[in-house]
Trainee: 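Structure below; questions to follow.
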Amino acid sequence: MSGHFITIEGSEGVGKTTNINFIREYLEEKKLKVTVTREPGGSKLAEEVRALLLNHRQDDMANDAELLLMFAARAEHLHKVIHPALKRGEWVISDRFTDATYAYQGGGRGISMERIAQLENWVQGDFRPELTLLLDAPVSVGLKRVGKRGELDRFEKEKSDFFERVRNTYLERARILPQCFRVIDATCPLEEVQSQIKTSLDDFFK
Ligand code: T5A
């Protein structure tokens, strides 16, 4: 594959969606072809699975069902969107990917990391993001930003200790995989967050 695969991660409301547009513009200024996508979702069937996963009425979903639906959506997303775009030589930027599964289903729900790794290897083989930008902020900051939006989805309704475990798992993954992760301080004003992202992308280009 000749393209490049970058992911953006973090707990609720840290600014992933806001900053992904900045990343797209930054890469397009360099005359690069960019595909922006998201998880869960990104393809027609995977978006239908997303609707099931985020539906606030599904509050008794079994943890294993949630995990398997995440990977079912991911298999479809990889097959229909990510791999074809990479084969065309594009830069694929995904708003969340498998690190979110480690953080939410592993850290948040308590599913073993080994089980998640088995599914990761099954669905992805050795395919991994080349760069992961982790937007990090205290849980209270993200939840305050999200709280302004009205009705909450199934994950956003979790308690703050769930999101503390999510955040800690992301930070732990960044610690053990320093070659892939760049941790961005998402508590700063937007211009400063974007300046940190630009530095990380410039390092990646080198
Ligand atoms: N999930 C996903 C799993 O459990 N397992 C998985 O494997 C995967 C892939 C998906 C949900 O699914 C879960 C995790 C999620 O709960 P989602 O919509 O992708 O849902 O994720 P959310 O985190 O819910 O997305 P959000 O839209 O809530 O958060 P973002 O994208 O991080 O935040 P954003 O950009 O919308 O910004 C939120 C607000 O903050 C402001 C923005 O203007 C906006 O109003 N803001 C700032 N304000 C001040 N200073 C800054 N620096 C700011 N940056 C943004």
Side-chain angles (χ1 to χ4, degrees), residues 7-24 36-43 46-47 49-56 58-59 61-78 81-82 93-111 113 115-117 119-120 123-124 128-129 132-160 162-167 169-170 173 184-198:
T7 59
I8 182 159
E9 297 277 2
S11 189
E12 309 295 303
V14 288
K16 298 177 300 301
T17 311
T18 308
N19 286 298
I20 219 160
N21 293 322
F22 169 78
I23 297 172
R24 179 208 288 267
V36 169
T37 188
R38 69 171 180 182
E39 288 212 347
S43 69
E47 286 291 329
V49 177
R50 177 189 174 93
L52 279 176
L53 281 161
L54 268 56
N55 187 330
H56 65 283
Q58 296 275 3
D59 51 8
M61 188 183 291
N63 289 347
D64 281 347
E66 182 180 284
L67 174 68
L68 291 166
L69 284 171
M70 287 294 174
F71 272 105
R74 184 160 299 133
E76 182 71 9
H77 186 208
L78 282 162
V81 175
I82 297 176
I93 318 296
S94 187
D95 187 341
R96 299 191 184 278
F97 194 62
T98 305
D99 288 299
T101 312
Y102 281 102
Y104 281 76
Q105 282 63 54
R109 302 278 190 233
I111 295 177
M113 301 297 173
R115 184 175 294 187
I116 296 172
L119 289 169
E120 179 181 40
V123 168
Q124 297 169 219
R128 300 287 182 275
T132 296
L133 299 169
L134 172 59
L135 300 190
D136 179 60
V139 169
S140 56
V141 172
L143 291 184
K144 198 167 160 201
R145 290 178 188 166
V146 170
K148 293 180 188 156
R149 273 204 301 240
E151 191 172 39
L152 302 176
D153 70 35
R154 208 168 56 81
F155 291 98
E156 288 165 348
K157 286 198 305 194
E158 288 292 338
K159 305 259 182 317
S160 62
F162 175 90
F163 296 113
E164 293 291 353
R165 295 195 299 277
V166 167
R167 182 188 184 204
T169 307
Y170 271 130
R173 287 190 63 74
I184 309 288
D185 178 359
T187 59
C188 304
L190 199 52
E191 306 76 62
E192 279 176 45
V193 172
Q194 291 176 347
S195 158
Q196 294 175 62
I197 291 175
K198 183 175 167 307

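Both ligands and their constituent atoms are indexed starting at 1 by order of listing. Note that the structure is predicted; figures quoted are calculated from it, not measured.
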Trainee: Taking non-hydrogen atoms only, is Thr17 closer than 4.0 angstrom to ligand 1 via side chain, backbone, both or neither?
Mentor: both
Trainee: State whether a side-chain donor-acceptor pair under 3.5 Å links Tyr104 with Glu66.
Mentor: no
Trainee: Heavy-atom contacts under 4.0 Å between Cys188 and ligand 1: side chain, backbone, both, or neither?
Mentor: backbone
Trainee: So if I count the atoms of ligand 1 from 1 in the order they appear, which ones are less than 4.0 Å from some heavy atom of Phe155?
Mentor: 4 (O), 11 (C), 12 (O), 13 (C), 16 (O)
Trainee: Hey, are Arg145 and Glu156 close enough for a salt bridge, meaning a charged N less than 4.0 Å from a carboxylate O?
Mentor: no
Trainee: Run the numbers for me: atoms of ligand 1, each under 4.0 Å from some heavy atom of Thr18, listed by number.
Mentor: 34 (P), 35 (O), 37 (O), 42 (C), 55 (C)
Trainee: Is there any N or O on Asn19 that sits under 3.5 Å from an N or O of ligand 1?
Mentor: no
Trainee: Could you tell me, atom by atom, which parts of ligand 1 come under 4.0 Å of a heavy atom of Arg74?
Mentor: 7 (O), 9 (C)
Trainee: Look only at interatomic distance and state if Pro40 has a nitrogen or oxygen under 3.5 Å from any nitrogen or oxygen of ligand 1.
Mentor: no
Trainee: Mind checking whether Gly10 has an N or O less than 3.5 Å away from an N or O of ligand 1?
Mentor: no
Trainee: If you count the atoms of ligand 1 from 1 in the order shown, which ones are under 4.0 Å from a heavy atom of Glu156?
Mentor: 24 (O), 28 (O)
Trainee: Atoms of ligand 1 less than 4.0 Å from Val146 heavy atoms?
Mentor: 28 (O)
Trainee: Side chain or backbone of Met70 under 4.0 Å from ligand 1, or both, or neither, by non-hydrogen atoms?
Mentor: side chain
Trainee: Hey, which atoms in ligand 1 end up nearer than 4.0 Å to a heavy atom of Ala100?
Mentor: 5 (N), 6 (C), 7 (O), 8 (C), 9 (C)
Trainee: Is Lys16 touching ligand 1 with its side chain, its backbone, both, or neither, if touching means heavy atoms under 4.0 Å apart?
Mentor: both
Trainee: Where on Arg50 is there a heavy atom closer than 4.0 Å to ligand 1, on the side chain, on the backbone, on both, or on neither?
Mentor: side chain
Trainee: Using a strict cut-off of 4.0 Å, indicate which atoms of ligand 1 neighbour a heavy atom of Thr101.
Mentor: 6 (C), 7 (O)
Trainee: Does an N or O from Gln105, backbone or side chain, lie closer than 3.5 Å to an N or O of ligand 1?
Mentor: yes
